[in-house]
Amino acid sequence: IMSKRVIRVDKNQIEKVASSLIGKDVNVVLKSDHTHFGNLIEVQGHTLLLKDARDHLHSLPIAETVEIIYDEVRLW
């Protein structure tokens, strides 16, 4: 049986956790209330590099990020 769990990483934990999310599909919520969905390609200093479904790259400053939301799939 597979289950999904929504994980929310708040702004205080992003720099600690971001590198472990590389290669995962994530939602990045910005202070402007815009949300970007895509695959986290890399973390460059204080910037997240995200590739969306149209293969466009987005460089998102961690300082402007409110939270990162992603699904964790578990088998049990």
#### Entry: Test item: Val9 and Glu67 side chains (from C-beta on) under 4.5 Å apart, heavy atoms
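Side chain of Val9 against side chain of Glu67, heavy atoms only: no contact under 4.5 Å found.
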
### Message
Could you tell me if the side chain of Leu40 sits less than 4.5 Å from the side chain of Lys24, heavy atoms only?
### Response
no

Rounded to the nearest 0.5 Å, how far does [atom2] of [Y] lie from [atom1] of [X]?
X     : Y     : atom1 : atom2 : answer
Glu64 : Lys11 : CD    : NZ    : 11.0 Å
Leu30 : His36 : CG    : NE2   : 5.0 Å
Arg5  : Tyr70 : CZ    : OH    : 9.0 Å
Asp71 : Lys4  : CG    : NZ    : 5.0 Å
Leu60 : His34 : CG    : NE2   : 11.5 Å
Ile22 : Ile41 : CD1   : CD1   : 9.0 Å

### Message
Tell me whether Ile7 shares a hydrophobic cluster with Leu21, the cluster being built from Ile, Leu, Val, Met, Phe, Trp, Tyr side chains joined at under 4.5 Å.
### Response
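Same cluster: Ile7 reaches Leu21 through Ile, Leu, Val, Met, Phe, Trp or Tyr contacts under 4.5 Å.
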
### Task
Using the rule that two of Ile, Leu, Val, Met, Phe, Trp, Tyr join whenever any of their side-chain heavy atoms come within less than 4.5 Å, decide whether Ile69 and Ile14 are in one cluster.
no

### Query
Which pair of non-hydrogen atoms, one from Thr65 and one from Pro61, has the smallest distance, and what is that distance?
OG1-O, 3.0 Å

### Query
Between Phe37 and Leu50, which heavy-atom pair has the shortest distance, and what is it?
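The pair with the smallest heavy-atom distance is C-CD2, 4.0 Å.
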
### Query
Between the side chains of Asp52 and His58, is a donor N or O closer than 3.5 angstrom to an acceptor N or O?
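The answer is yes; a qualifying pair exists.
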
### Message
Is it the case that the side chain of Asn39 and the backbone of Gly23 share a donor-acceptor pair, with hydrogens and angles ignored and the cut-off at 3.5 Å?
### Response
yes

### Task
Measure from the side-chain N and O atoms of Thr47 to the backbone N and O of Val43, and report whether any donor-acceptor pair falls under 3.5 Å.
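No, Thr47 side chain to Val43 backbone: no donor-acceptor pair under 3.5 Å.
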
### Query
Crowded around Asn12 CG? As in, over 12 foreign heavy atoms under 6.0 Å?
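Counting other residues, nucleotides and ligands, CG of Asn12 exceeds 12 neighbours.
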
### Query
Does the pair Asn27 and Ile68 meet the rule for a side chain to side chain contact (heavy atoms under 4.5 Å, CB included), with working shown?
CA-CA 6 Å; Asn27 288 285; Ile68 296 176; over 6 Å; no

